[in-house]
Structure formats: structure tokens, C-alpha cells
Amino acid sequence: MVGGGDSAMEEALFLTRFASKVTLLHRREQFRASRIMLDRAIAHPKIAFRTNTVIEDVLGVEDKEVKGVRLLDTKTGVESELGISGLFLGIGHIPNAAMFAGQLDLDEDGYIKTHNDVFTRIPGVFACGDVQDRRYRQAITAAGTGCMAALEVEKYLEEHGH
Ligand SMILES: Cc1cc2nc3c(=O)[nH]c(=O)nc-3n(C[C@H](O)[C@H](O)[C@H](O)COP(=O)(O)OP(=O)(O)OC[C@H]3O[C@@H](n4cnc5c(N)ncnc54)[C@H](O)[C@@H]3O)c2cc1C
């Protein structure tokens, strides 16, 4: 598991249900995860931590099967290999909405701000899915707001002409 935030901790803990061992790789020494999530992961007997560590290469890609990773300790410069059978990224999300900066309102993390679910501050411009939903970010909620946005587009076009 790669990452140092709450999602990485949550996923690492989840993976312990299926994996005999989970190694959490984090590029820094400090974690962005909340204390409670970090403590839970630290206390878990199946989870090992490797901090100040980045992945240099994924081994086994040519065989279409992850077999390991080549790691770099960013403090010592020492490279090493770690045998793994699965690689998961929990390094957060950056909504791809920067192109709308200055036109639509974005929050501090770049999500499009909406009101009444899918309305932006520009009439006729609607936003749906993960790009405006920092809380749930699920397929079903994205599909739901997608449907709402589509209905609002239809309504808008009916009211304002095509
Ligand atoms: C590893 C992982 C596991 C997940 N597991 C689950 C799960 O079990 N259950 C669940 O409900 N949800 C899950 N999700 C979340 C789910 O995938 C998302 O909530 C959902 O895909 C969001 O849909 P969306 O249409 O808003 O965005 P996306 O699916 O991200 O679609 C956005 C689309 O826009 C395109 N795009 C981006 N920028 C541009 C551009 N400038 N021009 C044109 N096109 C562009 C992208 O290529 C992409 O096709 C998971 C997500 C991840 C990453």
C-alpha cells in the first residue's frame, strides 16, 4: 500500500482481511493521516511501515503479474527490493478541474463547488461526479449526480431554447 493519508491507512487495514502481510510505503516520515487511523494501522500486527521510501520500479510488469518493487530509501539513498503480490495506491485524488479555475468556483483542493447538488455558479453549467464530490466519491453517487445533471441540462435547454 502506497500513501500516508487516511485513505492509505483505511485501505491497508482493509487489505489485512485478505493478505498475510501488508507493507505501507510512504515517501515521507510524517503522515497526513489522522492520529486515530495511523494508530490503528501501527497497532495492526499484519501491517509493516516503510517511511522515507519511494518506488523506483515495479517488478514483473512484463509478465503481467506484480512480483515486487524496487525501493529507494530517500534518506540513505539505499535501494532494495521487496517481494509483493499486489500493489495498491492510496495517494489521494486531484480533481481534474484546474481548467475551470477563474470560471467556476473551486474549493481549496480543486473540487468544483456546486449548490443544490449539481448547479455551478454559471447558469446552464452543471457539475457531477467525483469532480464535485469530495465526500463520497463512489460510482453510485457519481452516477446519481450524473443523472441529476443530465435532467437539469434538459430542463435548462427546454427553458432557454436549444
Ligand atoms: C481504485 C478505486 C476503487 C474504487 N472502488 C469503488 C467501488 O468499489 N465502489 C464504488 O462505488 N466506487 C469505487 N471507486 C470510485 C469510482 O470509481 C468513482 O466514484 C467514479 O468512477 C466517479 O465517476 P466520475 O464519472 O465522476 O469520474 P471518473 O470515473 O473519474 O471519470 C472521469 C472521466 O473524465 C475523463 N476526463 C478527465 N479530464 C478530462 C478532460 N480534460 N477532457 C476530457 N475528459 C476528461 C477521464 O478520462 C474519465 O474518463 C473506486 C475508485 C478507485 C480509484
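One-based numbering, in listed order, for ligands and for the atoms of each. Predicted, not measured: the structure shown is a model, and the values here were computed from it.
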Quiz item: Side chains of Arg137 and Ser7: do they bring a donor and an acceptor to under 3.5 Å?
Solution: no
Quiz item: Mind checking whether Ile122 and Met99 sit in one hydrophobic cluster, side chains of I, L, V, M, F, W, Y counted as touching below 4.5 Å?
Solution: yes
Quiz item: Which heavy atom in Ile47 sits nearest to a heavy atom in Phe49, and how many Å separate them?
Solution: CG2-CE1, 3.7 Å
Let me check something: any side-chain donor-acceptor pairs from residues 24-33 under 3.5 Å, sequence neighbours excluded? List them with distances.
unit_1: His26; atom_1: NE2; unit_2: Gln30; atom_2: O; d: 2.8
unit_1: Glu29; atom_1: OE1; unit_2: Asn52; atom_2: ND2; d: 2.8
unit_1: Glu29; atom_1: OE1; unit_2: Lys75; atom_2: NZ; d: 2.9

Practice problem: Could you list all the side-chain hydrogen bond (donor to acceptor under 3.5 Å, both in side chains) pairs where at least one residue sits in residues 94-107, not counting sequence neighbours? | Solution: Asp105-Arg121, Asp107-Arg134
Using residues 140-152 as the side-chain source, report each donor-acceptor pair under 3.5 Å to any protein atom, sequence neighbours left out, with the distance given to one decimal.
unit_1: Thr141; atom_1: OG1; unit_2: Gln138; atom_2: N; d: 3.2
unit_1: Thr141; atom_1: OG1; unit_2: Gln138; atom_2: O; d: 2.9
unit_1: Thr145; atom_1: OG1; unit_2: Gly129; atom_2: N; d: 2.8
unit_1: Thr145; atom_1: OG1; unit_2: Thr141; atom_2: O; d: 3.2
unit_1: Thr145; atom_1: OG1; unit_2: Ala142; atom_2: O; d: 3.3

Using a cut-off of under 3.5 Å, which N/O atoms of ligand 1 pair up with protein N/O atoms, and what distance separates each pair?
unit_1: ligand 1; atom_1: 9 (N); unit_2: Gln138; atom_2: OE1; d: 3.4
unit_1: ligand 1; atom_1: 11 (O); unit_2: Gln138; atom_2: OE1; d: 3.1
unit_1: ligand 1; atom_1: 11 (O); unit_2: Ala139; atom_2: N; d: 2.8
unit_1: ligand 1; atom_1: 12 (N); unit_2: Gln138; atom_2: OE1; d: 3.4
unit_1: ligand 1; atom_1: 12 (N); unit_2: Ala139; atom_2: N; d: 3.1
unit_1: ligand 1; atom_1: 19 (O); unit_2: Asp130; atom_2: OD1; d: 2.9
unit_1: ligand 1; atom_1: 19 (O); unit_2: Asp130; atom_2: OD2; d: 3.0
unit_1: ligand 1; atom_1: 19 (O); unit_2: Arg137; atom_2: O; d: 3.2
unit_1: ligand 1; atom_1: 19 (O); unit_2: Gln138; atom_2: N; d: 3.3
unit_1: ligand 1; atom_1: 19 (O); unit_2: Gln138; atom_2: O; d: 3.3
unit_1: ligand 1; atom_1: 19 (O); unit_2: Ala139; atom_2: N; d: 3.3
unit_1: ligand 1; atom_1: 26 (O); unit_2: Asp130; atom_2: N; d: 2.8
unit_1: ligand 1; atom_1: 38 (N); unit_2: Asn96; atom_2: ND2; d: 2.9

